[in-house]
Amino acid sequence: MAQTLLHACIRVQDLKASKEFYMGVFDFEVSREKDFPEDKFTLSYLSVPGSDFELELTYNYDSEPYTIGNGFSHLALGVDNLEETFEKAKASGYEMTEMKSLSDNSTTYFFITDPDGYRLEVMSNK
């Protein structure tokens, strides 16, 4: 049986700010968006060029701030030029870590936090 991982959903407090983060700091594009005013929510699907996987941003009208549980850690994004992406992310002003490596130096990465507190691990494409 063929299976495909389609998307991950995160709930966001400010859809515009979240889209600015993912589209401005990284190369995400809106692949589709649908507003459901009668149900009081908007779905915005973002993807990166060359990938079928989508990040679903769910904006519920008039919602209280969300609590991110301690069971969820982060999303991960692979990039072609880690150093260039790090400098662009640093210039964006969002909360982020310095560049880190695993103890065996097999992987170099950094974390950046989006406007809702979700962490994105950024590492080189393999």
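- Taking CG of Leu6 as the reference point, atom CD of Gln3 lies at 10.5 Å (rounded to 0.5 Å).
- In this structure, Glu95 does not pair ionically with Arg119, as no charged nitrogen and carboxylate oxygen lie closer than 4.0 Å.
- Shown here is Lys16, whose NZ atom has no more than 12 heavy atoms of other residues, nucleotides or ligands within 6.0 Å.
- When atom types are taken as modelled, the side chain of Ser51 and the backbone of Phe53 share a donor-acceptor pair closer than 3.5 angstrom.
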Worksheet item: Is there a side-chain contact (heavy atoms from CB on, under 4.5 Å) between Tyr109 and Leu102 once you walk through the steps?
Response: CA-CA 9 Å; Tyr109 60 93; Leu102 295 177; 4.1 Å; yes

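- Ring geometry for Tyr59 against Tyr61 counts as tilted: the plane angle lies between 30° and 60°, on a 0 to 90° scale.
- Rounding to the nearest 0.5 Å places CZ of Arg32 at 8.5 Å from CG of Leu43.
- Rounding to the nearest 0.5 Å gives a distance of 5.5 Å between CD of Glu54 and OG of Ser47.
- The main-chain N or O of Val12 is never found under 3.5 Å from a side-chain atom of Asp116 such that the two would form a donor-acceptor pair.
- The backbone N or O of Phe41 lies less than 3.5 Å from no partner atom in the side chain of Asp39, so there is not a single donor-acceptor pair.
- The backbone N or O of Arg11 sits less than 3.5 Å from a side-chain atom of Tyr118, completing a donor-acceptor pair.
- Within a 6.0 Å sphere centred on CG of Asp52, other residues, nucleotides and ligands contribute 12 heavy atoms or fewer.
- Connection of Leu120 to Met123 is not established within any shared hydrophobic cluster, with ILVMFWY side chains joined at heavy-atom distances below 4.5 Å, either directly or through further cluster members.
- Taking CG of Asp80 as the start and CG of Asn125 as the end, the distance is 5.0 Å to the nearest 0.5 Å.
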Practice prompt. Evaluate side-chain contact (heavy atoms from CB on, under 4.5 Å) for Leu77 paired with Thr85, printing each intermediate quantity in order.
Written response: CA-CA 11 Å; Leu77 177 69; Thr85 304; 6.0 Å; no

Worksheet item: Could you go step by step and tell me if Phe86 and Glu98 meet the side-chain contact (heavy atoms from CB on, under 4.5 Å) rule?
Response: CA-CA 9 Å; Phe86 177 78; Glu98 291 299 320; 3.8 Å; yes

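- A donor-acceptor contact shorter than 3.5 Å is absent between the side chain of Thr108 and the backbone of Ser101.
- For the atom pair Gln13 CD and Leu57 CG, the distance stands at 13.0 Å (nearest 0.5 Å).
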Worksheet item: Could you go step by step and tell me if Asp14 and Glu20 meet the side-chain contact (heavy atoms from CB on, under 4.5 Å) rule?
Response: CA-CA 10 Å; Asp14 182 336; Glu20 287 174 357; over 6 Å; no

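- With Thr58 as the partner, the side chain to side chain contact (heavy atoms under 4.5 Å, CB included) test is satisfied by one option alone out of Cys9, Ser44, Ser63: Cys9.
- Residues Tyr22 and Asp114 have side chains in contact (heavy-atom distance under 4.5 Å, counting atoms from C-beta outward).
- Between Tyr94 and Phe21, the ring-plane angle classifies as perpendicular under the 30° and 60° cut-offs.
- Side-chain contact check for Tyr45 versus Val30: every heavy-atom pair is 4.5 Å or farther apart.
- A continuous path of hydrophobic side-chain contacts links Met23 to Leu75 [ILVMFWY only; heavy atoms under 4.5 Å].
- Ring centroid separation for the pair His74 and Phe111 comes in under the 6.0 Å cut-off.
- Atom NZ of Lys19 and atom CG of Leu46 lie 7.5 Å apart (nearest 0.5 Å).
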